[in-house]
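Only one structure is covered here, and it is reproduced in the block below.
To find a chain, count down the sequence lines: A is the first, B the second, and so on, and within it residues start at 1.
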There are 2 protein chains.
Amino acid sequence: MSSERLIYLPLGGAGEIGMNAYVYGYGEEGRERLILVDLGVAFPDMDSTPGVDLITADISWLEERADQLEAVFVTHAHEDHVGGVGIHYSRLKAPIYARPFTANIAARKLEEKGQDPEAVQIAGTWPDTVTVGPFTVGFLPVSHSIPEAAALVIDTPAGRIVHSGDFKLDPNPIVGEAWDPDLWGSVGKDGVLALVCDSTNVFSPKPGRSESDIAPELKPLVAEAKGMVVATTFASNIARLKSLAEAGRDAGRSVVLLGRAMKRMVTAGVESGVLTDFPSTVAPEAAADIPRENVMLIVTGSQGERRAASAQLARGKYLGFEIGEGDMFLFSSKTIPGNEKAVAGIMNALSEKGVDIVDEEGGRYHVSGHANRPDLLEVHKILNPQMVLPMHGEHRHLRAHAKLAEGGGRTGIVAPNGSVVTLSGNNPGVTDYVETGRTYLDGAALVGAFDGVIRDRIRLALNGHVVVAIIIDEGDEPLEDAWAELRGLPERGASRSDLQELIEYDVGQFLARAERKTVNDDGRLEEEVKRVVRHLCQSEIGKRPEVTVLISRLVAE
Amino acid sequence: MSSERLIYLPLGGAGEIGMNAYVYGYGEEGRERLILVDLGVAFPDMDSTPGVDLITADISWLEERADQLEAVFVTHAHEDHVGGVGIHYSRLKAPIYARPFTANIAARKLEEKGQDPEAVQIAGTWPDTVTVGPFTVGFLPVSHSIPEAAALVIDTPAGRIVHSGDFKLDPNPIVGEAWDPDLWGSVGKDGVLALVCDSTNVFSPKPGRSESDIAPELKPLVAEAKGMVVATTFASNIARLKSLAEAGRDAGRSVVLLGRAMKRMVTAGVESGVLTDFPSTVAPEAAADIPRENVMLIVTGSQGERRAASAQLARGKYLGFEIGEGDMFLFSSKTIPGNEKAVAGIMNALSEKGVDIVDEEGGRYHVSGHANRPDLLEVHKILNPQMVLPMHGEHRHLRAHAKLAEGGGRTGIVAPNGSVVTLSGNNPGVTDYVETGRTYLDGAALVGAFDGVIRDRIRLALNGHVVVAIIIDEGDEPLEDAWAELRGLPERGASRSDLQELIEYDVGQFLARAERKTVNDDGRLEEEVKRVVRHLCQSEIGKRPEVTVLISRLVAE
């Protein structure tokens, strides 16, 4: 029996929707040659990651094995799949393969971080393949909400894996390749060991709808609008941008794109050749003189992002445009869980201006980019894999998807982040676990989720911060004066006295009677002062703040 | 013409869903006699109110006029209507009127804050009324998702107002009074000047469903379950608790209530007489020996609250119960916007334990407590008010509801928080604005939304905190040693050196060459030190932290 094995190890994306990073390995245990599929980001929130810029999977495991890594394959250009390639390139230094549109975006990510964009290699489509070490990888076109999405056909000495990437079964996706069951059938007919599969919409019971269902709804909506029309959607959904722009053009409106991401995506579409017949657009400056009923803005910020065009327009004038009474604002998008409050905030600000808001109306003006439950079953059938390994989902999605596969008589394996799954051999399944987690890009620094940095920030936000400075003189005697500052705490408490002065007084009193062994011991002195401050605050404001004590010991000169 | 006027002034609840507080006034301008309808709370979140315990409307306007305030009327016992009566009682000192169940809860709120629960007066139901100053107020029973909800019929010399409170049109609400169109018709037939009306579900196009639709769905679900059944819903939805408990009993299961709020609500139901035939329950201790397939837990925490029973069970063992493979967890509840991540977190933790999760399934196991769009229209018709003033909604809800009223030939007035609406006279409408906002209960302290306290906490969370202590000696010379502490920032930056030491070094260098006029000026010195620290941090970690500088000036003894 071969001592070589084929493994699958999700580092991110299996246990959440976001920060995808999936490792495959083949070879002797511990000496496998590796590939990484996708290296994406997740977005921070105040609850768990205040102040953080971006989140990626913790790739330490892979970094320690960078010499075993053959290449990175990126399935498509969504941020949760490509957003981390620039951040981590210097740690992995492996070539990055992608189809042209995705490669265009990936190269820009490297440039932004001062890395060489030449590391990105453009790949053709299946049956073209790239061979790296023991892996032969083909990009199998599939429909999704971005152009040139691909599944990967990964052939190994132990059998064929299909890694679905994000996909839907769209016979008419407007931009990009249609779902091609014959092509997928040809991949399945030689036998598929494992399907590693998108689970996002496993809870949606009906078959998914086509991107082409949207345009016929958009046209009359825009045609009948009286004032200015503003529409927002995901900038990467170039098919939707096209449908929106066409609806505007057909209604005799000048189309204006607003927002950096919008322009970046359309540029990438044109440069990579996927976008050839986009209606002509007008620069914001040039639209100033056009009557508002002849203008249609297509803008970023469908998720309520504070600095995007939607939020700017909701706040007031933006690049010469001001939206108001009689205008229409269309959300041709779904609100991603977690963004509800931000999106509602924009809707309310628009409502205050008298703007008529149209939302997706239960799917009328938006369709999902992911395969629903019956679509997943169809792909299981067409590829007929021995095993299904659900990915791209929270745990409950993975579990439901595995059950779906089991219901079809296949082996379903729930393998959340960190699970090492041995796919080869007679008993495929989870054989090991590795430490994994999240890495935060915080300003220019990379911070580990368990470093305590973010935990400290959360504590400051919840509890406020009292800072106390104490001076110990040259004779090891504390000065009885203490200096305190408060941040994020009320000025006065129950006694109505100034809280800062109360703290300085109480700490001074404590120092006056402190024993020498306390004064001489930084740790002990700090603990005692914290205790004094917290005790006082508890009785004054019913809260125990974070306390930092700065002890300055003067030395005789 | 009379110099007296009738005014309506929402202080909270008109512009958000939560923290309801509506003022009505009658009398000469500036000397109106006032009543307050509801005094509720809203719940904090990390995005805007980290560390805050509860939020209420800023009632300063009313506090300044406490001598004009006749009484507080509470429509029902949901936290967003009654939760603030204890917090603010000492500022208003007005009697509180409510129906028995609501009064029971309100009295407990006063007790919790050390106030006299006798301030709460039990009111009868319409046509019984309470007269306070120029107002005669009747509690008109209405169905909602809590027992004994009421609309208020407010008769004034200028005409009749109906304040809907929260309501739905439920012919069979299981607990509490059914929707009674004849009774409401009798209120309308004498003429209604203004309907001030719940707008929560104005965007729901179909008529609302009855609470009684749920029990027939629950029974087979619970009867067919194999392992332990755990169900969560809002504790105050006593009708749902009853349907759940009956489904458990009918399936031969012992029913256990878990969670403080659950017990408090059932106790209030029994004490106030609204709850008479609740299935018998078993104490948690007593359930330990019962086989799990014969147990049904009804638990708090449907919104993912960290300390509630649902979250505790998802984390592990709780009060002797442990949920696992083969058990079922039912969310007989809707997730309130903003709580999606917390609820998903619980679902995923349960999924990891192998628990089968059943959610509301698009309304199968949950119905809303609020009137949908057609129901609102029905109430407009039955009461036939001259004006409709939408409340209990975000701005977009208010605007849509006003449009709905206008479509029916009535005057719709959008009056967000702070709008003084004159209801009397020939030109009713918004005639003034008063300052309003939000007050935070933070530990034991009340903090204003604009005090800067919470803004400071958010900044600490986003940026981290550097604290620097500087000592100026008796001769007005700075010691060149500086002491720094970092909170919520990485230990090392681009140079890989210790960031704290770098800060101490740079500040020391700055002090060594600082001019005397800088050293002698606290404000100037502080600004310069902040600049030095921020500049260093920007280049080391790409981030500009919050900086606090403590300057200790030694004085010769």
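Across P337(B) and E340(A), no two heavy atoms sit closer than the pair CB-CB, 4.4 Å. Nearest heavy atom pair, residue G51(B) against residue K543(A), reads O-NZ, 2.9 Å. Across every non-hydrogen atom of A344(B) and E394(A), the tightest pair is CB-OE1, 3.7 Å. Contact detail for L550(B) and A469(A): the closest heavy-atom pair is CD1-CB, 3.9 Å.
Residues L462(A) and M46(B) are in side-chain contact: their nearest non-hydrogen atoms beyond the backbone lie under 4.5 Å apart.
Residue-environment remark: CD (Q538(A)) exceeds the threshold of 12 foreign heavy atoms within 6.0 Å. Atom CD of E305(B) has more than 12 heavy atoms from other residues, nucleotides or ligands within 6.0 Å. Counted within 6.0 Å of CZ on F203(A), heavy atoms from surrounding residues, nucleotides or ligands total more than 12; the atom is thus considered enclosed. No more than 12 heavy atoms of other residues, nucleotides or ligands shown are found within 6.0 angstrom of CZ on R306(B).
Checked by atom type and distance alone, the side chain of R459(A) never pairs as donor or acceptor with a backbone atom of G488(B) at under 3.5 Å. Of the possible polar contacts, none joining the R487(B) side chain to the H465(A) backbone as a donor-acceptor pair under 3.5 Å is found. Of the possible polar contacts, one joining the N348(A) side chain to the H395(B) backbone as a donor-acceptor pair under 3.5 Å is found.
Ranked by heavy-atom pairs shorter than 4.5 Å toward chain B, the options G15(A), A484(A), G354(A) are led by G354(A). Interface summary for chain A: among P490(B), A445(B), S552(B), the most heavy-atom pairs under 4.5 angstrom belong to S552(B). Taking N339(A), I458(A), V447(A), L489(A) one by one and counting their heavy-atom pairs under 4.5 Å with chain B, the maximum is reached by L489(A). Taking chain B as the reference chain and counting heavy-atom pairs below 4.5 Å, the highest number among A482(A), S351(A), G443(A) is found for S351(A). For the set D356(A), T335(A), D45(A), the count of heavy-atom pairs under 4.5 angstrom toward chain B peaks at D356(A). Of all the listed residues (G448(A), A461(A), A444(A)), the one sharing the greatest number of non-hydrogen pairs under 4.5 Å with chain B is A461(A). By number of non-hydrogen pairs under 4.5 angstrom with chain B, the leading residue of I551(A), I357(A), D473(A) is I551(A).
N463(A) CG to L460(B) CG: the interatomic distance, rounded to the nearest 0.5 Å, is 11.0 Å. How far CZ of R399(A) is from NZ of K353(B): 12.5 Å, rounded to the nearest 0.5 Å. Rounding to the nearest 0.5 Å gives a distance of 13.0 Å between CD1 of I470(B) and CH2 of W483(A). With rounding to the nearest 0.5 angstrom, the CD1 atom of I541(B) is 7.0 Å from the CG atom of D442(A). Of the inter-residue distances, the one linking E526(A) atom CD with E485(B) atom CD reads 6.5 Å to the nearest 0.5 angstrom.
Both the backbone and the side chain of D47(B) come within less than 4.5 Å of a heavy atom of chain A. Looking at V414(B), there are no atoms closer than 4.5 Å to chain A (heavy atoms on both sides), in backbone or side chain. Residue A349(B): no heavy atom, backbone or side chain, is found under 4.5 Å from chain A. With a 4.5 Å cut-off on non-hydrogen atoms, L554(B) touches chain A through its side chain but not through its backbone. Neither the backbone nor the side chain of I454(B) comes within less than 4.5 Å of any heavy atom in chain A.
Checked for salt-bridge contact, R396(A) and D359(B) miss the test: no charged N lies under 4.0 Å from a carboxylate O.
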